[in-house]
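First comes the structure, then the notes that go with it.
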Amino acid sequence: QVQLVESGGGLVQAGGSLRLSCAASGRIFSNTRVGWFRQAPGKEREFVAAIRWSGGSTLYADSVKGRFTISRDNAKNTVYLQMNSLSPEDTAVYYCAASPRATISREGYDYWGQGTQVTVSS
């Protein structure tokens, strides 16, 4: 079992920045991937970024490349999502999730946090 708790969401103006945190506990292994997904009202949950627990290799959705950065602090068992140049289109509930697989498919992630709301005003 893996437990994930997100924090850091909030309200920000367009062009601003936020950093989300995902505190992980439980059975985290070197090949575990921790990913960030988001779901806007009326839309499906979509992949944002993922990082391998060991080695730190990363994946990004095209829509966030160059604006968002995923990182991890193994000592704190925490994964971060630094979000810059935010736009209203980034408004969504952001979830972190864990998987033993290298995948961007939400079906490939077995464990999920409760989500944190990010709202970007224009």
Side-chain angles (χ1 to χ4, degrees):
Q1 293 282 347
V2 177
Q3 294 78 42
L4 304 164
V5 179
E6 304 98 331
S7 61
L11 174 64
V12 64
Q13 289 188 332
S17 299
L18 277 176
R19 189 178 77 159
L20 306 182
S21 299
C22 174
S25 60
R27 296 173 65 83
I28 304 291
F29 300 107
S30 60
N31 67 336
T32 296
R33 271 76 171 177
V34 176
W36 285 97
F37 289 76
R38 65 186 182 186
Q39 188 165 18
K43 294 188 177 181
E44 293 193 353
R45 192 170 300 187
E46 65 174 2
F47 171 79
V48 175
I51 189 166
R52 190 174 188 265
W53 196 258
S54 176
S57 60
T58 58
L59 290 170
Y60 291 95
D62 288 342
S63 59
V64 305
K65 278 181 183 176
R67 300 189 299 126
F68 291 11
T69 302
I70 190 170
S71 62
R72 86 263 188 252
D73 184 333
N74 288 11
K76 295 183 178 180
N77 277 10
T78 300
V79 172
Y80 303 99
L81 185 68
Q82 177 67 44
M83 306 186 294
N84 298 329
S85 302
L86 287 163
S87 72
E89 290 70 34
D90 295 313
T91 294
V93 177
Y94 283 71
Y95 300 88
C96 71
S99 171
R101 312 165 191 89
T103 178
I104 65 171
S105 169
R106 64 180 185 270
E107 289 79 14
Y109 284 77
D110 302 316
Y111 304 99
W112 293 83
Q114 81 287 353
T116 186
Q117 176 70 47
V118 171
T119 303
V120 184
S121 63
S122 57

Cut-off 3.5 Å, no hydrogens considered: what does the side-chain donor-acceptor table look like for residues 43-56, sequence neighbours left out?
| unit_1 | atom_1 | unit_2 | atom_2 | d |
| --- | --- | --- | --- | --- |
| Arg45 | NE | Gln39 | OE1 | 3.2 |
| Arg45 | NH2 | Gln39 | OE1 | 3.3 |
| Glu46 | OE2 | Arg38 | NE | 2.6 |
| Glu46 | OE2 | Arg38 | NH2 | 3.2 |
| Arg52 | NH1 | Ser54 | O | 2.7 |

Nearest heavy-atom neighbours spanning [X] and [Y]:
| X | Y | result |
| --- | --- | --- |
| Ser85 | Ser17 | N-OG, 4.4 Å |
| Pro88 | Ser121 | CG-C, 4.4 Å |
| Tyr95 | Gly113 | CD2-O, 3.7 Å |
| Ser99 | Tyr109 | CB-CD2, 3.4 Å |
| Gly9 | Val118 | CA-CG2, 4.2 Å |
| Gly115 | Val93 | CA-CG1, 3.9 Å |

[X]-[Y] co-clustered via ILVMFWY side chain contacts under 4.5 Å:
| X | Y | value |
| --- | --- | --- |
| Leu59 | Val64 | no |
| Leu18 | Val34 | yes |
| Tyr111 | Ile70 | yes |
| Leu81 | Leu4 | yes |

Find the distance between [atom1] ([X]) and [atom2] ([Y]) and round it off to the nearest 0.5 Å.
| X | Y | atom1 | atom2 | answer |
| --- | --- | --- | --- | --- |
| Gln3 | Ile28 | CD | CD1 | 8.5 Å |
| Ser7 | Arg19 | OG | CZ | 9.0 Å |
| Thr116 | Gln114 | OG1 | CD | 7.0 Å |

Option among Thr32, Asn31, Asp110 that satisfies the side chain to side chain donor-acceptor pair (under 3.5 Å) test with Arg101: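 Single side chain to side chain donor-acceptor pair (under 3.5 Å) partner of Arg101 among Thr32, Asn31, Asp110: Asp110.
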For residues Trp36 and Val79, determine if any side-chain heavy atom of one lies less than 4.5 Å from a side-chain heavy atom of the other.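 Yes - at least one pair of side-chain heavy atoms lies under 4.5 Å apart.
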Side-chain contact test, heavy atoms from C-beta onward, threshold under 4.5 Å: evaluate it for Leu11 versus Gln117 and give yes or no.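 Result no, sub-4.5 Å side-chain heavy-atom pair not found.
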Would you sort out whether Glu89 and Val120 count as a side chain to side chain contact (heavy atoms under 4.5 Å, CB included), showing the intermediate values? CA-CA 8 Å; Glu89 290 70 34; Val120 184; over 6 Å; no
Fit a plane to each ring of Phe68 and Tyr94, take the angle between them on a 0 to 90° scale, and name the class: parallel (under 30°), tilted (30 to 60°) or perpendicular (over 60°).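 Phe68 vs Tyr94 ring planes: tilted.
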Would you find more than 12 non-hydrogen atoms of other residues, nucleotides or ligands less than 6.0 Å from Arg27 atom CZ?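 Atom CZ in Arg27 is not crowded, with 12 or fewer foreign heavy atoms closer than 6.0 Å.
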As a quick check of understanding, evaluate side chain to side chain contact (heavy atoms under 4.5 Å, CB included) for Gln13 and Leu86, giving each step before the final call. CA-CA 8 Å; Gln13 289 188 332; Leu86 287 163; over 6 Å; no
One pair to check against side chain to side chain contact (heavy atoms under 4.5 Å, CB included): Leu20 and Met83. What are the steps and the verdict? CA-CA 8 Å; Leu20 306 182; Met83 306 186 294; 3.7 Å; yes
